[in-house]
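What follows is a set of notes on a single structure, which appears directly below.
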Number of protein chains: 2
Amino acid sequence: MAKDSDTETRILNAARAVFIRRGTSGARMQEIAEEAGVNQALLHYYFRSKERLSEAVFSEAATRMFPMVIQILGSDQTIEKKVEGIVTTYLDNMSRSPFLPGYLISELHHHPERIHQLIRGVAGIELSTALKPVLDKLDKQIATEVRAGRMRRISAQQFMANLISLSVFPFAAQPMLRAAFGLDEDGFSKFIAVRKKELPQFIMSALTP
Amino acid sequence: MAKDSDTETRILNAARAVFIRRGTSGARMQEIAEEAGVNQALLHYYFRSKERLSEAVFSEAATRMFPMVIQILGSDQTIEKKVEGIVTTYLDNMSRSPFLPGYLISELHHHPERIHQLIRGVAGIELSTALKPVLDKLDKQIATEVRAGRMRRISAQQFMANLISLSVFPFAAQPMLRAAFGLDEDGFSKFIAVRKKELPQFIMSALTP
DNA sequence: GTCTATATTGTGATAGAC
DNA sequence: GTCTATCACAATATAGAC
């Protein structure tokens with residue numbers, strides 16, 4: 001039911017913006033209150049503490065990041081479709097939320113214990129438990145392709161790490177890349193657009209014997 | 001001359017550990033003082049403020065990260081040697097400082113203005129200015145290879161982004177990868193060792209027609 | 001150079017009126 | 001549900017003795 005201008009929703013929206021911008025330690029309840037257009041006491045009325053509010057934001061962010069790769073890599077598509085699916089899905093998603101990767105890396109770097117909070121919120125199980133069958137299935141699929149001479153040997157782990165690295169890192173390192181290449185916001189978007197077109201070919205070419 | 005147990009050096013070492021672990025906002029002067037085995041007042045005696053101390057740590061970290069790629073990609077080696085050089089250098093360096101990428105991404109994400117501090121400390125010039133001739137030269141080198149039929153077309157920017165993504169991202173996302181793959185510290189090291197061997201082949205295969 | 005106070009401000013959280 | 005006022009403590013920074 002909750003209208004988009006519900007006080008609780010407005011607070012959560014403001015919290016998301018501030019936590020992602022400042023990080024959990026750098027965020028101030030006062031700034032969140034201002035951005036939500038309410039006073040600081042209301043934040044505690046709805047979320048009890050800064051800690052709980054930050055957990056709500058983190059869980060939501062993690063949920064937007066992790067299920068996709070599991071769903072796509074665990075599907076019954078060809079390797080080529082999976083590569084395209086990961087690249088397209090992540091580049092599109094991250095283009096809409098370009099600060100998500102940096103925020104998640106930052107949070108997990110400074111609060112590694114939060115990793116246990118991952119996925120559990122969305123599927124009720126541990127991340128590695130959810131991923132295990134996906135990796136096993138992918139290893140088998142790759143083995144079949146290798147035997148048919150259509151693919152070079154690579155473990156599902158390394159395969160997945162390469163896909164995510166190539167798709168997500170440019171967003172996580174966006175400030176560095178922009179400074180290094182001298183790109184403004186629009187230039188960076190174009191850089192990503194090129195990537196979206198070329199990355200699947202690049203990866204498939206690396207996988208083909 | 002400065003002995004390794006100089007008070008100033010001990011403070012800087014402690015600051016490096018704490019800032020990298022907690023981030024600039026999360027770090028506490030008290031924790032740094034404890035880790036250095038001195039009291040809080042001495043931190044201000046040597047570095048005047050938390051801000052300045054954090055700048056010292058950040059500059060040092062940035063300097064350990066960025067010059068390598070410029071040096072290697074700007075050299076006169078073959079593309080293959082450059083790929084090998086980047087992968088080996090970064091994987092070795094990051095293995096020794098596995099928290100560096102996460103720290104730098106985190107800092108630059110929450111304090112993007114710090115980007116201007118980059119490189120200037122080491123070469124006295126802007127990052128993009130230092131990189132421009134390197135990218136131009138690399139573009140020419142790639143064009144030559146393409147004309148000779150030895151390489152697929154790719155821009156120096158995308159080429160460099162791919163190299164760094166594949167080499168650095170796994171360290172930046174270390175907490176996620178370890179949770180996802182169920183790896184302990186040793187398991188992660190082995191994962192990186194495999195990467196060091198396979199990544200150059202993977203990349204060269206992607207670049208070859 | 002190094003220490004022990006201490007000043008001063010910032011910040012999460014709560015009490016209580018409306 | 002929402003506000004103002006305020007508490008309690010954390011954290012940076014400084015003064016001044018040794």
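Because the structure is predicted, anything quoted here is derived from the model rather than measured. Every chain is numbered from 1 and lettered A, B, ... according to where its sequence line falls, protein lines coming before strand lines.
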Side chains of [Y] and [X]: any donor to acceptor distance under 3.5 Å?
X: A:Ser59; Y: A:Arg114; value: no
X: A:Ser49; Y: A:Glu51; value: no
X: B:His110; Y: A:Ser106; value: yes

What does the list of N/O pairs under 3.5 Å between the protein and nucleotides 6-11 of chain D look like, with a distance for each?
residue: D:dA11; atom: OP1; partner: B:Arg28; partner atom: NE; Å: 2.7

Give the rounded distance in Å between these two atoms: [atom1] of [X] and [atom2] of [N].
X: A:Leu43; N: C:dA13; atom1: CG; atom2: P; answer: 10 Å
X: B:Asn39; N: C:dA5; atom1: CG; atom2: P; answer: 11 Å
X: B:Gln30; N: C:dT6; atom1: CD; atom2: P; answer: 17 Å
X: A:Tyr46; N: C:dA13; atom1: OH; atom2: P; answer: 18 Å
X: B:Glu31; N: D:dT12; atom1: CD; atom2: P; answer: 10 Å
X: A:Ile11; N: C:dG12; atom1: CD1; atom2: P; answer: 15 Å
X: B:Arg10; N: C:dT2; atom1: CZ; atom2: C1'; answer: 11 Å

Quick note, A:His44 side chain, CB onward, closest among C:dT2, C:dG12, D:dT2 is C:dG12
Output for pair (A:Phe159 CZ, B:Glu198 CD), nearest 0.5 Å, gives 13.0 Å
So CG of B:Leu100 and CE of B:Met65: to nearest 0.5 Å the spacing works out to 5.5 Å
Closest non-hydrogen atoms of A:Glu35 and A:Ala17, given as atom of the first, atom of the second and distance, are OE2-CB, 3.4 Å
Between B:Lys137 and B:Ser75, the two heavy atoms sitting closest are NZ-O, 3.3 Å
Is the distance between the ring centroids of B:Tyr103 and A:His109 less than 6.0 Å? no
With a 4.0 Å cut-off on N to O distance, would you call A:Asp6 and A:Arg10 a salt bridge?
no
- Message: Just N and O in the side chain of A:Thr7: are any of them under 4.0 Å from OP1 or OP2 of D:dT2?
- Response: yes
Remember a base hit wins even if backbone is also touched, and classify B:Tyr45 as base, sugar-phosphate or nothing at under 4.0 Å, heavy atoms.
base
Pick out the pairs of N or O atoms, protein on one side and nucleotides 15-18 of chain C on the other, that lie under 3.5 Å.
none

